[in-house]
Amino acid sequence: MTAYWKFLLPGAVSPFAGYRWAGAEGAWVDGGAVTPCRTGIHACRSEDLAYWLLPELWSIDLDGVHPGSDADHKVVARRGRLLDRVGAWSAETERELAIDCIRRTADHAAAELRAAGDQAGAEELESSRDLGDPDRRTALADAGAAAAARALAAGHREAARLALYVADAVEYLDSCPVATIAYIAARAAHERTGLDPDRDGHDAERDWQSRWLVERLDLAVSATRSEDL
Amino acid sequence: MPATLPDCHTADRLLGRWYDGQIDPEDATLYEQHLLQCPPCLVENQWLRAALHALQDAATEGASQ
Amino acid sequence: MSAGDGSAGVSAASLGRLLAAVLSRRGADGPAVAAPDHQSAAGTVSERCALISAAVAELADRGDLDQSSADPPAPAASYFEPDHRWAGWRADDPPEVPDTASFGRDAVVRALRRLPPAMRLALVAHDAAGIPVEDLHELLAGTVDQQIAFVDTARRAYVAALAAEAAGAS
């Protein structure tokens with residue numbers, strides 16, 4: 001059976017329809033019962049987990065997957081039933097992912113600073129690994145801002161922007177959901193210069209985030225798209 | 001702006017059409033992903049849905065009186 | 001027909017009768033989305049538009065249709081400057097999550113009364129009576145694109161008005 005996953009708001013609530021799945025675990029829910037104007041039950045494969053981050057993660061069984069619905073990092077099915085909540089996905093593991101995404105953002109910024117000639121600035125960002133400590137995070141944000149100022153003064157706008165993303169990611173860690181931090185990392189990856197133009201940095205970063213989730217939460221990997229047909 | 005990175009201005013333009021089910025599936029996905037990344041836009045979406053549901057409930061209640 | 005507080009405008013009872021008259025001519029399955037041929041069990045879109053127009057005209061004749069607005073429409077969101085690294089993203093703090101418990105019928109009616117008449121009509125016609133945007137030209141002037149933009153503006157103004165009502169009630 002193909003493994004599908006569904007992120008929900010606390011209380012097993014759909015984020016875009018407000019449908020309350022609580023109490024319906026194990027029962028088939030028709031897509032029309034959730035939101036009549038939408039096309040069915042939405043879920044995702046393990047490779048697309050990073051696109052749909054929310055506080056609750058559930059495994060879900062789907063029936064009648066719409067062919068071709070998986071073009072946009074999700075699958076749509078005629079009906080679905082929630083199976084089990086992934087207990088390993090908690091506020092703590094959300095925090096772990098967010099902090100790792102800050103590190104990734106710092107690494108992307110460091111690479112860009114190095115390419116712009118700021119070796120010291122790059123090393124300072126790369127050396128900040130213990131980000132569980134608030135003081136270390138503040139120091140990282142300050143280092144990013146300082147590197148951005150130097151890069152801007154030298155005319156390296158791309159490097160400056162990525163360095164400021166590091167400061168942004170640290171600033172938003174406590175006030176925004178993990179999806180925000182993951183997005184900043186994906187955006188930083190997308191805006192790297194000097195990489196293979198045929199390689200989408202944003203998608204590659206999302207792939208990394210999804211693999212992080214699969215490994216950290218010990219999730220079953222979804223079948224490839226062709227196996228659904 | 002690349003299609004993979006929608007911003008709030010884009011999301012604002014899509015909100016009404018998304019609610020009405022009048023946008024392409026790809027745009028709907030991008031809009032929904034943006035909501036998860038952007039708390040202010042998610043709350044705007046929640047406000048619109050709640051406010052229009054209240055209007056529809058008020059209309060139904062009026063019809064039953 | 002005015003509200004018990006003596007203020008001019010569409011009273012709750014008048015709005016209720018208007019909506020009831022429209023809804024008695026539409027299906028009972030929640031917000032209606034017109035069938036492709038704009039025909040429903042409750043009559044054609046044109047019939048529903050004509051009914052709304054007649055009801056609005058009656059309210060106007062009775063002096064119950066408030067021709068002024070108490071508050072202007074809600075301002076648009078502010079965004080970061082074009083040269084900012086987050087250009088196109090909101091520069092506002094997120095609003096409060098809606099407390100739907102305060103969205104009773106009276107609050108909805110008071111919020112609608114804050115809107116300019118044309119916005120009020122567009123909102124009731126589209127979102128309460130389910131008239132598609134492309135058919136709003138039977139009630140309001142303008143192209144389809146203008147109607148879409150106008151409904152968007154009306155919705156934002158209504159949300160802001162309802163938020164103000166909810167805040168006042170808390």
Side-chain angles (χ1 to χ4, degrees), chain B, chain C residues 12-13 15-24 26 28 30-33 76-77 79-80 86-100 102-109 111-112 123-124 126-130 132-133 148-149 151-153 155-156 158-163 166:
Chain B
M1 181 71 74
T4 54
L5 302 172
D7 58 23
C8 302
H9 196 259
T10 302
D12 274 350
R13 289 191 293 106
L14 294 174
L15 170 56
R17 288 159 52 208
W18 174 88
Y19 180 85
D20 292 332
Q22 297 294 317
I23 63 175
D24 294 337
E26 181 178 344
D27 283 345
T29 296
L30 291 174
Y31 171 71
E32 290 164 3
Q33 288 175 1
H34 176 83
L35 296 192
L36 301 185
Q37 299 154 8
C38 180
C41 284
L42 178 60
V43 176
E44 289 288 338
N45 178 282
Q46 292 170 328
W47 263 103
L48 181 69
R49 286 193 280 116
L52 293 184
H53 288 167
L55 175 62
Q56 289 147 9
D57 287 346
T60 304
E61 185 181 341
S64 66
Q65 289 180 352
Chain C
L15 181 60
R17 278 194 290 279
L18 166 62
L19 295 174
V22 172
L23 290 166
S24 67
R26 67 187 276 267
V33 177
Y79 302 97
F80 286 108
W86 293 107
W89 285 65
R90 288 177 181 270
D92 310 303
D93 289 331
E96 295 286 328
V97 177
D99 174 18
T100 56
S102 58
F103 294 0
R105 190 166 183 274
D106 287 345
V108 169
V109 172
L112 288 174
L123 200 64
V124 170
H126 182 258
D127 285 312
V133 169
I148 290 172
V151 168
D152 266 353
T153 302
R155 283 171 163 178
R156 292 176 201 282
Y158 163 64
V159 170
L162 190 61

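The structure presented is a predicted model; accordingly, all values stated were derived computationally and were not measured. Here is how names work: the chains are called A, B, and so on, in the same order as the sequence lines, proteins then strands, and each is numbered from 1.
Rounded to the nearest 0.5 Å, atoms CG (B:Leu52) and OH (C:Tyr158) are 6.5 Å apart. Between the CG atom in C:Asp152 and the CG atom in B:Asp12 there is a gap of 9.5 Å [rounded to 0.5 Å].
Side-chain contact between C:Leu112 and B:Leu55 is present, with heavy atoms from C-beta onward closer than 4.5 Å. Two residues are said to be in side-chain contact when any heavy atoms from C-beta on lie closer than 4.5 Å; B:Asp20 and C:His126 meet this criterion.
Residue B:Cys8 comes nearest to C:Arg90 through the heavy atom pair SG-N, 3.2 Å, listed as atom of the first residue, atom of the second, then distance. Among all heavy-atom pairs drawn from C:Ala87 and B:Asp7, the shortest one is O-OD2, 3.9 Å. Scanning all heavy atoms of the two residues, the minimum distance from B:Pro6 to C:Trp89 falls at O-CZ2, 3.6 Å.
Looking only at heavy-atom pairs under 4.5 Å with chain C, the residue among B:Gly16, B:Ala11, B:Pro40, B:Ala50 that has the most is B:Pro40.
Aromatic ring orientation, B:His9 versus C:Tyr79: perpendicular (interplanar angle above 60°, classes split at 30° and 60°).
Distance alone, capped at 3.5 Å, is enough to place a donor-acceptor pair between the B:Trp47 side chain and the C:Glu96 backbone.
For chain B, no part of C:Ala107 is nearby; none of its heavy atoms comes within less than 4.5 Å. Using a 4.5 Å cut-off between heavy atoms, B:His34 touches chain C through its side chain atoms alone.
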